Amino acid sequence: MTATDERPPADLEAQFDATIAADRRIEPRDWMPEAYRKTLIRQIAQHAHSEIIGMQPEGNWLLRAPSLRRKAILLAKVQDEAGHGMYLYAAAETLGVDREELTEKLIDAKQKYSSIFNYPTLSWADIGVIGWLVDGAAIANQVPLCRCSYGPYARAMIRICKEESFHQRQGYESLLALVNGTDAQREMVQESVDRWWWPSLMMFGPADGDSPNTRQSMAWGIKRHTNDELRQRFVDMSVPQARTLGVTLPDPALRWNDERQAHDFGEPDWSEFQAVISGAGPANQQRLAHRRRAHENGAWVREAARAYADKREARA
Ligand code: FAQ
């Protein structure tokens, strides 16, 4: 038992509240309310699972990339995503959960991952659009998480955001090449944008009025902005980028509002969002089945690592 454990809970709670109020970081050894710990495990685990499942839609195009250069870039991006998953599982482990347990919960569909990865990648343009819109949305959501009140998560996010920035740029650059190509390539980009725009807006989560977790997560300094604030930021950021590409964003309600100095835009189809996060999206079954298969196929690696660790321990 440490000196901190022996202090009365009221004191510990006051210390936790003071740390949050002063915008300092909570570290793994600090006392924290159980609900704070649970919220972090929920969010970090979902985030880690998203990175791992998120390798699948792009992985689908690795063998069909149109050139060696594009293949090398895509391979590097997908590998980065595996790395992000690992940093995030490591951050979750500092809260007292086991990576194995989190993986089981993912493959048993007991924990969520981002809705966006339940949509299929049907054309090569989807790879560029994922970089532009999906990584763009991820950056808008994750840059504020670099200031999250929980130290290990905030630090993981700093590194992840640097890599996400490369991911976004490679996607946008790939789209620039396509829109400067043939009519068929331009059409392929527009068709892809039409499919990915609304699911990208849904990445930010439900509207603020329907978001049960935002208020408390903001009070704890886990989230720094509401879902709607970040969605607005993303729309404002994407409109001029779409103009440069010469593509139309598929929203008839999208227009600049001079009074608000921001874009007005339409409402995503929240019934589709609810269906996707409840397991009924276009690719949910396929994504989980693939993840389950990969886990089973990796059993021998985990066994070998365990046997090696046991042997080393016995020798020591
Ligand atoms: N998908 O009360 P809120 C990436 C759930 S990484 C699925 O608003 P919260 C990189 C939510 O969990 C993308 N579920 O919840 C990449 C909750 O359910 P629960 C992942 C969603 O936590 C790019 C319920 O709805 N990023 O893209 C979604 O305060 C390319 C009520 O919602 C992160 O995870 C959704 N979109 O706010 C990789 C960022 N939205 O748990 C590969 C960190 C909401 O009570 C290729 N996470 N739900 O059963 C966050 O910022 C937050 O957790 C939010 C949700 C904003 C996602």
Side-chain angles (χ1 to χ4, degrees), residues 35 38-61 74 77-85 87-88 91-92 105-106 109-119 121 126-148 150 153-154 156-157 160-161 163-168 170-171 196 198-220 222-231 234 268 270 272-281 284 287:
K38 282 201 172 130
T39 296
L40 279 167
I41 292 174
R42 179 183 64 79
Q43 179 165 327
I44 301 173
Q46 282 182 15
H47 195 165
H49 298 331
S50 303
E51 298 281 357
I52 297 300
I53 297 280
M55 294 161 73
Q56 291 185 36
E58 290 166 296
N60 180 36
W61 281 87
L74 186 57
K77 181 181 192 292
V78 173
Q79 285 175 342
D80 281 354
E81 282 149 12
H84 296 175
Y87 309 153
L88 288 163
K105 285 194 170 141
L106 167 67
K110 288 190 180 136
Q111 276 179 344
K112 295 190 173 78
Y113 57 88
S114 181
S115 49
I116 194 74
F117 303 117
N118 291 307
Y119 292 86
T121 40
D126 287 4
I127 300 305
V129 170
I130 287 178
W132 173 37
L133 294 179
V134 176
D135 285 283
I139 291 171
N141 169 267
Q142 290 171 21
V143 166
L145 291 175
C146 298
R147 293 187 293 113
C148 166
Y150 188 58
Y153 190 30
M157 290 318 304
I160 290 175
C161 282
E163 292 173 356
E164 298 291 19
S165 169
F166 149 67
H167 294 177
Q168 202 266 355
Q170 67 78 36
W196 289 92
W198 292 108
S200 299
L201 291 191
M202 294 175 196
M203 284 176 72
F204 295 92
D208 291 351
D210 297 318
S211 163
N213 300 299
T214 294
R215 199 190 54 78
Q216 183 60 69
S217 285
M218 286 187 59
W220 278 328
I222 295 174
K223 284 167 86 162
R224 297 290 178 166
H225 302 279
T226 72
N227 299 353
D228 284 336
E229 283 166 6
L230 294 175
R231 197 171 0 253
F234 172 69
W270 293 118
E272 176 180 318
F273 172 74
Q274 283 306 332
V276 172
I277 69 170
S278 314
N284 294 59
R287 299 288 183 244

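In this text the structure is predicted, and so the values were computed from the model without any measurement. For ligands, and for the atoms within them, numbers begin at 1 and follow the listed sequence.
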Engineer: By number and element, which atoms of ligand 1 are closer than 4.0 Å to a non-hydrogen atom of Met202?
Structural biologist: 36 (N)

Engineer: Taking 4.0 angstrom as the limit and counting only heavy atoms of Phe204, give me the atoms of ligand 1 inside it, by number and element.
Structural biologist: 56 (C)

Engineer: Under 3.5 Å, side chain of Gln56 to main-chain N/O of Arg287, donor-acceptor pair present?
Structural biologist: yes

Engineer: To which protein heavy atom is atom 50 (C) of ligand 1 closest, and what is the distance rounded to 0.1 Å?
Structural biologist: Gln43 NE2, 3.6 Å

Engineer: Heavy atoms, side chains only, cut-off 4.5 Å: are Arg42 and Asn213 in contact?
Structural biologist: yes

Engineer: Are Glu164 and ligand 1 in contact, using a heavy-atom cut-off of under 4.0 Å?
Structural biologist: yes

Engineer: Below 4.0 Å, non-hydrogen atoms only: which portion of Asn227 touches ligand 1? Side chain, backbone, both or neither.
Structural biologist: side chain

Engineer: Any idea which protein heavy atom is nearest atom 21 (C) of ligand 1, and the distance to it?
Structural biologist: Phe273 CZ, 3.9 Å

Engineer: Give me the residue, atom name and distance of the protein heavy atom closest to atom 16 (C) of ligand 1.
Structural biologist: Phe117 CZ, 3.7 Å

Engineer: Would you say Ser217 contacts ligand 1, with heavy atoms under 4.0 Å as the rule?
Structural biologist: no

Engineer: Just need the protein heavy atom nearest to atom 40 (N) of ligand 1, so name the residue and atom and give the distance.
Structural biologist: Gly205 CA, 3.1 Å

Engineer: Side chain to side chain contact (heavy atoms under 4.5 Å, CB included) between Leu106 and Ile53: does it pass, once the steps are laid out?
Structural biologist: CA-CA 10 Å; Leu106 167 67; Ile53 297 280; 4.3 Å; yes

Engineer: Indicate the ring-plane relationship of Phe273 and Trp270, choosing parallel, tilted or perpendicular according to the 30° and 60° boundaries.
Structural biologist: perpendicular

Engineer: Identify which of Gln168, Gln46, Met203 has a heavy atom lying nearest to atom 57 (C) of ligand 1.
Structural biologist: Met203

Engineer: Within a strict 4.5 Å, meaning less than it, do heavy atoms of the Cys161 and Ile139 side chains meet?
Structural biologist: no

Engineer: For atom 3 (P) of ligand 1, which protein heavy atom lies nearest, and how many Å away is it?
Structural biologist: Ser211 OG, 3.4 Å

Engineer: At what distance is the nearest protein heavy atom to atom 45 (O) of ligand 1, and which residue and atom is it?
Structural biologist: Asn213 ND2, 3.6 Å

Engineer: For atom 11 (C) of ligand 1, what is the nearest protein heavy atom, given as residue, atom name and distance?
Structural biologist: Arg42 NH1, 4.0 Å

Engineer: Counting non-hydrogen protein atoms only, what is the nearest one to atom 19 (P) of ligand 1? Give residue, atom name and distance.
Structural biologist: Lys112 NZ, 3.4 Å

Engineer: I would like to know whether Ile160 and Gln142 meet side chain to side chain contact (heavy atoms under 4.5 Å, CB included); could you show each step before the answer?
Structural biologist: CA-CA 9 Å; Ile160 290 175; Gln142 290 171 21; 3.6 Å; yes

Engineer: So if I count the atoms of ligand 1 from 1 in the order they appear, which ones are less than 4.0 Å from some heavy atom of Tyr153?
Structural biologist: 43 (C)

Engineer: With heavy-atom distances below 4.0 Å as the criterion, list the atoms of ligand 1 near Ile277.
Structural biologist: 1 (N), 7 (C), 14 (N), 25 (O)

Engineer: Quick one: does any side-chain atom of Asn118 pair with a main-chain N or O of Ile277 as donor and acceptor, under 3.5 Å?
Structural biologist: no

Engineer: Quiz question for you: does at least one protein heavy atom lie closer than 4.0 Å to atom 42 (C) of ligand 1?
Structural biologist: yes

Engineer: Which of the atoms of ligand 1 are close to Ser50, meaning less than 4.0 Å from one of its heavy atoms?
Structural biologist: 13 (C), 20 (C)

Engineer: Out of Ala137, Ser115, Ala138, indicate the one that has the non-hydrogen atom closest to atom 35 (C) of ligand 1.
Structural biologist: Ser115

Engineer: Heavy-atom contact under 4.0 Å between Glu58 and ligand 1?
Structural biologist: yes

Engineer: May I ask whether Lys77 places a heavy atom under 4.0 Å from ligand 1?
Structural biologist: yes

Engineer: Locate the shortest heavy-atom distance separating His225 from Arg147; write the atom from each residue and the value.
Structural biologist: NE2-NH2, 4.2 Å

Engineer: Could you tell me whether a side-chain N or O of Asn60 sits under 3.5 Å from a main-chain N or O of Thr121, the two making a donor and an acceptor?
Structural biologist: yes

Engineer: Does the protein place any heavy atom closer than 4.0 Å to atom 54 (C) of ligand 1?
Structural biologist: no

Engineer: Below 4.5 Å, heavy atoms only, C-beta onward: do Glu51 and Leu88 meet side chain to side chain?
Structural biologist: yes

Engineer: Out of all atoms in ligand 1, which are within 4.0 Å of some heavy atom of Lys223? Include the element for each.
Structural biologist: 8 (O), 9 (P), 29 (O), 37 (O)

Engineer: State, without any angle test, whether His167 and Glu164 hold a side-chain donor-acceptor pair at a distance under 3.5 Å.
Structural biologist: yes

Engineer: Using heavy-atom distances, let me know which of Met55, His167, Gln142 sits nearest atom 6 (S) of ligand 1.
Structural biologist: Gln142

Engineer: Would you tabulate the side-chain donor-acceptor contacts of residues 204-212 under 3.5 Å, counting partners in other chains and residues two or more places apart, or write 'none'?
Structural biologist:
from: Asp208; atom 1: OD1; to: Thr226; atom 2: OG1; distance (Å): 3.4
from: Asp208; atom 1: OD1; to: Asn227; atom 2: N; distance (Å): 3.2
from: Asp208; atom 1: OD1; to: Asp228; atom 2: N; distance (Å): 2.9
from: Asp208; atom 1: OD2; to: Thr226; atom 2: OG1; distance (Å): 2.7
from: Ser211; atom 1: OG; to: Thr214; atom 2: N; distance (Å): 3.4
from: Ser211; atom 1: OG; to: Thr214; atom 2: OG1; distance (Å): 2.5

Engineer: Begin with the C-alpha distance, continue with both residues' side-chain angles, and end with the deciding distance and a verdict on side chain to side chain contact (heavy atoms under 4.5 Å, CB included) for Ile127 and Lys77.
Structural biologist: CA-CA 11 Å; Ile127 300 305; Lys77 181 181 192 292; over 6 Å; no

Engineer: Of Ile130, Ile222, Asn141, which has the heavy atom at the shortest distance from atom 39 (C) of ligand 1?
Structural biologist: Asn141

Engineer: Which atoms of ligand 1 have any heavy atom of Tyr113 under 4.0 Å away?
Structural biologist: 1 (N), 7 (C)

Engineer: Is there a side-chain contact between Phe234 and Met203 (heavy atoms, below 4.5 Å)?
Structural biologist: no

Engineer: Shortest non-hydrogen contact from Ser200 to Val134?
Structural biologist: OG-CG2, 4.1 Å

